[in-house]
Amino acid sequence: MNDEYLDKLINSHLDDAFTPAEQTEFEAHLRESEAARQRFWELAEVHGLAGDAARIAWADDNLGDASSLPLSKSSSQAGSLRHGRLPRVFASPLAAAVSGLLIGVLSTTVIWAATAAGRQELITLLHDSFESGQATLAENLPLLPGQWSGDYSEVTGATQGVTPDDGSNMLRFLRADHEGRHLPESFSSDVFRLIDVRQHHPAFADSEAVVQLTARFNAAAFPDDENYTCTLTIFALDESLIGNELLRGSNMISAESLAYSRSSKLPMDRDAATWQKLSNELRVPPETQYLMIRLGCSNNTKTPGKRRDSFAGHFADSVELVFANRPEIATR
Amino acid sequence: MTKNDEHLLKVQQLFVRHQTQLKAFVVALSPGFARADDVLQEVFLTITAKAHEFELDSSFLAWARAIARFKLLEARRASDHQLLSPEVLDSLVASCPDGWAGEERLDALTVCIGELAPKTREIVQLRYQREHSPTEIARLLDRTVNSVNVALSKARVALRECMERRLSGEGA
């Protein structure tokens, strides 16, 4: 048997495209030949790793350009369910804690959660721990997917006694204003990210789609007379708003969004050793094509005359946006 | 947290750390990404249930692969689909090279995949990012299934060669 024919058989196995006769032949070769087994592992290694490699190599395409790939209606949802850097974590109750340990997850993942009631599919639309090191922009909210932008912020490593929650990087809020707009009276630093969810659009058709945004916040020690809170906001947008500068107008995104939801305000503690978790949810309108998420940190200090537009040591990390189908609460 | 809980958490952390390798192992031996997902999920659940049997100073990967092998055999019994026979499965598992699908190899493959030419990239994206079958890719791209199979085969061989070049320092 020549190498080319063995490769063909191996490739047929990997693509699940055997005829019964080919399978028999393939197995016979593997039984008899150590060289054939070694060749199998060579090609199977590429096959087994290519999913993760592709998602890392084309991380931006997970939420952006990949949407332009041909995608049949019937397979669009199934296809999207298959994304994942560390694609599937299988969660038992304790394994929920494990999911927080997914180090270096840069892009879309899928989590299948095994629950007592059965298995619920979770599609992770974003899992970012800022490990790419990509700088954030201070250009007001982003007009295109794939980039953190908003008020002045930076991606940093451990600093001021605060260690990243996940990996070696985290987001640091710096100021309550952005390039070209000095706002000394502002007291909230907001960082946004736009996420293209058009590929999941069929899944939003019924009223059961719910997205959940989770992030962790921390602060270096701050004076007793200062108070800070964090919030998470999710905006559902349709395509007509994307790339439109008008969206950057004051409160324009909340006015123009299909729906939005802001979390409760999480008071930041003074323990730099612990990260505080905050979550928010939004039931996704069927027309939703993009989601904008906002991480906010506010200086709520009431001391008269004290400037509140800069942040000495306030951080976010482990941002995760997932969606799942969950029925509405039944009422009469 | 009790000692048992701490031990369980450590075992689950090991699973997360080795998940890429385990997933590649299962995907290689159980064609069809959805089927491999199911198997890997069962592996995780078994690892969780049997965590107390695992000694932290022993090889997690070897233990997890043994569980994966068992789950693959279970899947074979439960499926009417043609999966590898137990004898062949065992001979393959026994010959799996050391370091197979490790992080360094994933890094090399990631670089190689990022360098693919546009047409090959499109097919590789559809196969591995979208997880379409060759038949679906052929329909989406209006090509024959055979031409897609040939393109995928060539891509895998090219990626393998590129990966080896990078790991040997030639293409770095």
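Residue numbers start from 1 in every chain, and the chains themselves are labelled A, B, ... in the order their sequence lines are given, proteins ahead of strands. Note that this is a predicted model, so its numbers are computed, not measured.
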Report task. Please determine if A/Glu32 and A/Arg37 form a salt bridge, counting it only when a charged side-chain N lies under 4.0 Å from a carboxylate O. Result -> no
Query raised in the report: Between B/Gly114, B/Ala101, B/Ala36, which residue shows the highest count of heavy-atom pairs closer than 4.5 Å to chain A?
Result: B/Ala101
Query raised in the report: Do you know which of B/Leu29, B/Asp90, B/Val26 has the most heavy-atom pairs under 4.5 Å to chain A?
Result: B/Leu29
Query raised in the report: Any side-chain donor-acceptor pair under 3.5 Å between A/Gln212 and A/Ser279?
Result: no
Report summary line: Scored by heavy-atom pairs under 4.5 Å with chain A, the best of B/Ala94, B/Ala155, B/Ala108, B/Pro97 is B/Pro97
Query raised in the report: Top residue by heavy-atom pair count (under 4.5 Å) with chain B, among A/Ile10, A/Leu14, A/Leu43?
Result: A/Leu14
Query raised in the report: Is a side-chain donor or acceptor of A/Ser132 paired with a backbone partner of A/Gln134 at a separation under 3.5 angstrom?
Result: yes
Report summary line: Scored by heavy-atom pairs under 4.5 Å with chain A, the best of B/Ile113, B/Val27, B/Val43, B/Val150 is B/Ile113
Query raised in the report: Which answer fits B/Ser91, side chain, backbone, both or neither, if we ask what part of it has an atom under 4.5 Å from a heavy atom of chain A?
Result: both
Query raised in the report: Distance under 6.0 Å and angle within 45° of the ring axis: does B/Arg17 meet both against B/Phe60?
Result: no
Query - Closest non-hydrogen atom pair, B/Val39 against B/Leu72 - result: CG1-CD2, 4.0 Å
Query - Top contributor to chain A interface from B/Ser30, B/Cys112, B/Ser85 [non-hydrogen pairs under 4.5 Å] - result: B/Ser85
Query raised in the report: Which heavy atom in A/Trp275 sits nearest to a heavy atom in A/Thr163, and how many Å separate them?
Result: NE1-O, 2.9 Å
**Report entry** Shortest non-hydrogen contact from A/Glu22 toward A/Lys8
**Finding:** OE2-NZ, 3.0 Å
Query raised in the report: Between B/Leu92, B/Val111, B/Val88, B/Leu109, which shows the greatest number of heavy-atom pairs under 4.5 Å with chain A?
Result: B/Leu92
Query raised in the report: If you count heavy-atom pairs under 4.5 Å between each of A/Ala17, A/Ala44, A/Ala53, A/Ala28 and chain B, which one has the most?
Result: A/Ala53
Query raised in the report: Which atoms of B/Val93 come close to chain A, meaning under 4.5 Å heavy atom to heavy atom: side chain ones, backbone ones, both, or neither?
Result: backbone
